[in-house]
Amino acid sequence: MEISEKGSNLIIKNADSFVISQTLECGQCFRFEKLTDENYIIVAMGKLLHIFKNGDETVFENTSKDDFENIWKSYFDFGRDYKTVKDRLSAMDNTLLDAVKYAPGIRILKQDFFECLISFIISQNNRIPMIKKVVANISEKYGKETGEFNGIKYYSFPSIQELSKADEESLMECKAGFRAKYIMDAVKKCGDGMFESKDMSALTTEELRKRLMQINGVGPKVADCVMLFSLSRSDAFPTDVWVKRVMSYFYFDGNDTSLKEIQKMAKERFSGYEGFAQQYLFNYAREFKIGASDKKAGAK
DNA sequence: ATCCAGGCCCGAT
DNA sequence: ATCGGGCATGGA
């Protein structure tokens with residue numbers, strides 16, 4: 001992976017295990033817009049990023065080498081060798097082999113903790129287009145303008161302090177629905193210093209999970225998503241309906257299986273790589289509707 | 001119109 | 001411990 005600067009753009013040549021669409025559209029983040037194929041706008045880390053593919057180059061428009069080193073390298077997890085991750089998973093069983101092959105350009109993002117927490121609180125019992133809309137509404141109302149593209153203004157996700165100004169009513173106006181009160185509790189507990197990054201990094205994944213679940217509206221699924229998508233806890237295994245289905249289908253002979261059993265199985269089988277396995281499997285399951293009542297095919 | 005969505009809370013067993 | 005109903009909202 002060679003990095004260079006061309007004018008005001010930053011260029012990566014032959015990016016390893018990185019397909020923009022696969023990384024963005026696999027359900028881990030909500031603040032992006034597709035312009036054309038492999039050409040996206042991302043709002044993250046207080047920045048507006050136009051990123052696109054041009055032949056064997058991945059272009060970060062108007063991006064300095066400093067911003068890449070300080071922000072995007074970590075955000076896109078470019079410090080990790082995904083070839084090793086994929087090889088290890090692919091060797092575990094044929095299901096994972098197929099799931100990895102299906103989307104070899106997924107990387108697990110390292111998103112901002114607070115944004116990730118609020119976003120996944122909003123995700124519960126909701127659909128992705130609606131989640132994106134609510135997060136965008138909150139950002140426009142409480143965040144700062146980060147830039148403009150094609151005449152459209154974009155707003156960063158608010159900080160804890162900025163969102164502290166919100167009340168339940170205004171969050172309802174942002175279409176958060178019954179989750180508005182959950183957001184209020186999360187903002188309060190973050191503001192009270194319950195989730196300082198220094199303290200969190202001293203906790204085991206299980207301890208951190210319990211602490212996150214002290215927030216009203218945060219259960220095991222949201223807690224695991226936050227740990228995996230913003231805190232690099234790759235031993236977290238977010239288990240939603242799709243993961244439940246794909247795990248039951250392939251590892252429990254099609255039998256409906258409890259959350260506890262599934263997480264136990266994941267820990268044993270995917271040890272150390274649970275989070276990566278989860279994301280490839282989730283993506284695979286959702287695409288082929290594995291285990292869903294209207295299954296598209298026998299998944300292959 | 002009814003059903004359901006990357007769940008979780010809450011009250012009943 | 002585990003189970004089922006209810007929940008704001010909008011698209012199919």
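Letters A, B, ... mirror the listed sequences (proteins, then strands); counts begin at 1.
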Base, sugar-phosphate or nothing for [X]? Non-hydrogen atoms, less than 4.0 Å.
| X | value |
| --- | --- |
| A/Ile128 | sugar-phosphate |
| A/Cys26 | base |
| A/Phe120 | nothing |

Please tabulate, one pair per line, each protein N/O and nucleotide N/O from nucleotides 9-12 of chain C that are separated by under 3.5 Å, including the distance.
none

Quick check on contacts: within residues 219-232 of chain A, what sits under 4.0 Å from DNA chain B by heavy-atom distance?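 By residue number: A/Gly219, A/Pro220, A/Lys221, A/Val222, A/Phe229.
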Considering residues at least two apart in sequence or located in another chain, which fulfil the ring-ring contact (aromatic ring centres under 6.0 Å, His included) criterion with [X]?
| X | value |
| --- | --- |
| A/Phe68 | A/Phe60, A/Phe78 |
| A/Phe252 | none |
| A/Phe120 | A/Phe30, A/Phe229 |

For DNA chain B, whose closest nucleotide is more 5', that of A/Gln279 or that of A/Met213?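 Result of the comparison: A/Gln279.
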Hey, which sits more toward the 5' end of DNA chain B by its nearest nucleotide, A/Pro238 or A/Tyr182? A/Pro238
Suppose you measure atom P in C/dC3 against the same atom in B/dG6; what distance do you get, rounded to whole Å?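 These two P atoms come out 23 Å apart once rounded.
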According to salt bridge (Lys or Arg N to Asp or Glu O under 4.0 Å), who are the partners of A/Glu261, at least two apart in sequence or on a separate chain?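 Salt bridge (Lys or Arg N to Asp or Glu O under 4.0 Å) list for A/Glu261, sorted by chain: empty.
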A/Lys65 side chain vs A/Glu5 backbone, donor-acceptor pair below 3.5 Å: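 Checked: no pair found.
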Could you work out which one of B/dG6, C/dT2, C/dA8 sits closest to the side chain of A/Lys260?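 Closest nucleotide to the A/Lys260 side chain: C/dT2.
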Supply the members, apart from [X], of the Ile/Leu/Val/Met/Phe/Trp/Tyr cluster built from side-chain contacts under 4.5 Å; use none for a lone residue.
| X | answer |
| --- | --- |
| A/Met172 | none |
| A/Phe52 | A/Ile11, A/Val59 |
| A/Tyr155 | none |

Summary of salt bridge (charged side-chain N to carboxylate O under 4.0 Å, His left out) pairs that have at least one residue in residues 193-204 of chain A, sequence neighbours excluded: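 For residues 193-204 of chain A, and leaving out neighbouring residues, there are no salt bridge (charged side-chain N to carboxylate O under 4.0 Å, His left out) pairs at all.
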Any residue meeting side-chain contact (heavy atoms from CB on, under 4.5 Å) with A/Asn126, in chain and number order, not counting sequence neighbours: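 Checked A/Asn126 against side-chain contact (heavy atoms from CB on, under 4.5 Å); matches are A/Ile122, A/Met130, A/Ile131, A/Arg179.
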Write out a two-atom table: protein N or O, nucleotide N or O from nucleotides 11-13 of chain B, distance below 3.5 Å.
none

